[in-house]
Amino acid sequence: MQRKSSVLSMMALFLLASVFAVAQKTSVKGMIIARTGETLVVKAGDGNTTVVLTDDTKTKDDVGLFGLGKNYMSSVVLIPGLKVSVDGTSDEQNRVVAKTITVDGDDLETAEMIQSGLHPTAKQVEANVQQLEAHSGQLASHEAQLAAQKETLEANGMSVADHEQKIAANIKDIEENTARFTALSEYDVRGQVTLKFNVGSSKLDSQDEDALKALAQTASGLTGFIIEVVGYADATGSAEVNTKLSEDRAKAAITYLVQQGNVPVRHIVAPGAMGEYGAVATNETKAGRAENRRVEVKVLVNKGIAGS
């Protein structure tokens with residue numbers, strides 16, 4: 001009888017633990033307004049929520065038909081101004097420990113464009129819709145179809161106008177939060193290095209590696225640090241090639257920081273590939289172009305943590 005009672009007690013405890021674990025699951029949806037170390041601050045309709053990143057946190061974008069496809073990406077894309085949907089569990093401090101963070105690819109592109117100094121308009125974001133409408137008009141083969149198409153286009157025109165207003169509001173929201181991070185008004189810069197590259201190359205030299213290793217050591221002694229990595233290119237070649245090249249240079253620095261500097265990737269942010277934008281010197285001279293082929297790496301600490 002006593003053994004049976006013990007078994008029943010254990011089963012009751014197991015069921016209670018299971019119910020408690022389920023009850024702890026939570027989610028939050030909103031915009032990232034700050035990053036500090038391994039945490040994000042997400043602004044939602046009911047206030048701000050602190051989200052904790054771990055080694056197990058997955059970041060993804062739902063793509064394809066009905067969003068059934070999954071495009072997984074690094075947590076370095078989680079920059080202020082980006083809208084996210086977070087699924088995870090609550091901890092004892094009422095924070096959300098993230099299991100999965102879902103981003104919107106369009107919002108990510110907008111935030112990265114703003115980081116690059118580009119300011120997309122609602123018209124630009126809606127360009128594909130307009131092109132499809134124009135193409136539909138060209139396909140009409142007789143008057144009846146044209147008349148019907150015209151009515152459809154007029155109705156869609158009103159819909160597009162409403163949609164553009166929503167897009168413009170979304171861009172403004174992203175722009176305000178992204179600009180705050182770009183200006184670094186809420187962060188202290190505790191260390192920084194500028195890495196230089198040969199033409200068409202994303203390879204780090206030994207001097208760059210030593211500089212990154214020293215920067216990683218500086219960061220390791222700080223509470224709540226993040227490392228911002230931003231890649232650039234000169235104006236040689238096409239804009240597309242330069243964008244990819246600046247991205248590869250930033251990736252090279254991030255890879256070294258993680259693999260050789262032992263910096264957790266969740267402490268790194270990479271606000272998009274700048275390409276030839278953000279030049280610090282003229283692209284009309286050889287010396288100027290050499291200055292522009294660079295990656296800027298900064299160790300940042302939120303002023304609230306730093307006590308400023």
Side-chain angles (χ1 to χ4, degrees), residues 32-42 49-59 72-82 84 86 88 91-93 95-99 101 115 178 180-197 202-232 246-274 294-308:
I32 300 173
I33 61 171
R35 273 203 69 166
T36 301
E38 300 176 352
T39 64
L40 314 171
V41 178
V42 175
T49 301
T50 298
V51 175
V52 181
L53 305 177
T54 71
D55 288 337
D56 297 324
T57 302
K58 305 295 183 185
T59 303
Y72 288 93
M73 54 192 68
S74 169
S75 61
V76 301
V77 304
L78 300 174
I79 58 178
L82 182 63
V84 294
V86 183
D91 67 6
E92 65 280 359
Q93 299 178 46
R95 305 177 302 179
V96 177
V97 179
K99 180 179 180 181
I101 300 178
Q115 291 277 5
T178 306
R180 283 172 50 210
F181 181 68
T182 305
L184 300 180
S185 58
E186 298 176 1
Y187 294 85
D188 282 334
V189 179
R190 294 300 186 90
Q192 59 184 359
V193 297
T194 300
L195 315 175
K196 300 294 180 62
F197 296 84
S202 58
K203 182 178 175 57
L204 299 172
D205 62 26
S206 59
Q207 186 176 351
D208 293 334
E209 292 176 347
D210 290 342
L212 286 174
K213 189 173 293 185
L215 198 71
Q217 290 175 346
T218 298
S220 66
L222 301 173
T223 301
F225 74 90
I226 56 175
I227 297 181
E228 181 191 52
V229 181
V230 186
Y232 298 86
S246 65
E247 180 182 357
D248 290 344
R249 287 167 177 165
K251 284 181 178 178
I254 291 170
T255 300
Y256 189 86
L257 285 169
V258 173
Q259 295 182 353
Q260 305 300 323
N262 297 317
V263 176
V265 70
R266 59 185 179 273
H267 278 261
I268 300 175
V269 293
M274 300 303 187
R294 72 195 193 281
V295 168
E296 295 180 357
V297 187
K298 297 177 182 177
V299 177
L300 310 175
V301 176
N302 189 283
K303 289 182 178 178
I305 292 179
S308 299

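Basis for what follows: all heavy atoms, side chains included, without hydrogens, waters or symmetry-related copies.
Remark: the backbone N or O of Ala98 is paired with a side-chain donor or acceptor of Thr57 at under 3.5 angstrom.
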(request) Please lay out, stage by stage, how Lys251 and Glu247 fare under the test salt bridge (charged side-chain N to carboxylate O under 4.0 Å, His left out). (result) CA-CA 6 Å; Lys251 284 181 178 178; Glu247 180 182 357; 3.3 Å; yes

(request) Just do the side chain to side chain contact (heavy atoms under 4.5 Å, CB included) check on Leu257 and Val297 with the steps written out, would you? (result) CA-CA 10 Å; Leu257 285 169; Val297 187; 4.3 Å; yes

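Within the 4.5 Å cutoff, the side chain of Arg249 has no heavy atoms near those of the Leu195 side chain. Side-chain atoms of Leu212 and Gln260, non-hydrogen and from C-beta on, never get closer than 4.5 Å to each other. Side-chain contact between Lys58 and Lys99 is absent, with no heavy atoms from C-beta onward closer than 4.5 Å. Between Val299 and Ile227, some side-chain heavy-atom pair lies under the 4.5 Å cut-off. Between Val301 and Thr223, every side-chain heavy-atom pair lies at or beyond the 4.5 Å cut-off. Counting heavy atoms from C-beta on, the side chains of Tyr187 and Val189 never come closer than 4.5 Å. Using a 4.5 Å heavy-atom threshold, the side chains of Leu78 and Leu53 count as touching.
Taking CG of Leu82 as the start and CD1 of Ile33 as the end, the distance is 13.5 Å to the nearest 0.5 Å. Taken to the nearest 0.5 Å, the CG atom of Asp248 stands 14.0 Å off from the NZ atom of Lys203. Taken to the nearest 0.5 Å, the NZ atom of Lys213 stands 9.5 Å off from the CG atom of Asn262. Remark: Asp91 CG to Thr50 OG1 distance equals 9.0 Å, nearest 0.5 Å.
A side-chain contact (heavy atoms from CB on, under 4.5 Å) with Phe225 is found for one member of Thr36, Val263, Asp188 and no other, namely Val263. When each of Thr39, Val96, Val86, Leu40 is tested with Val52 by the rule side-chain contact (heavy atoms from CB on, under 4.5 Å), just one qualifies, namely Thr39.
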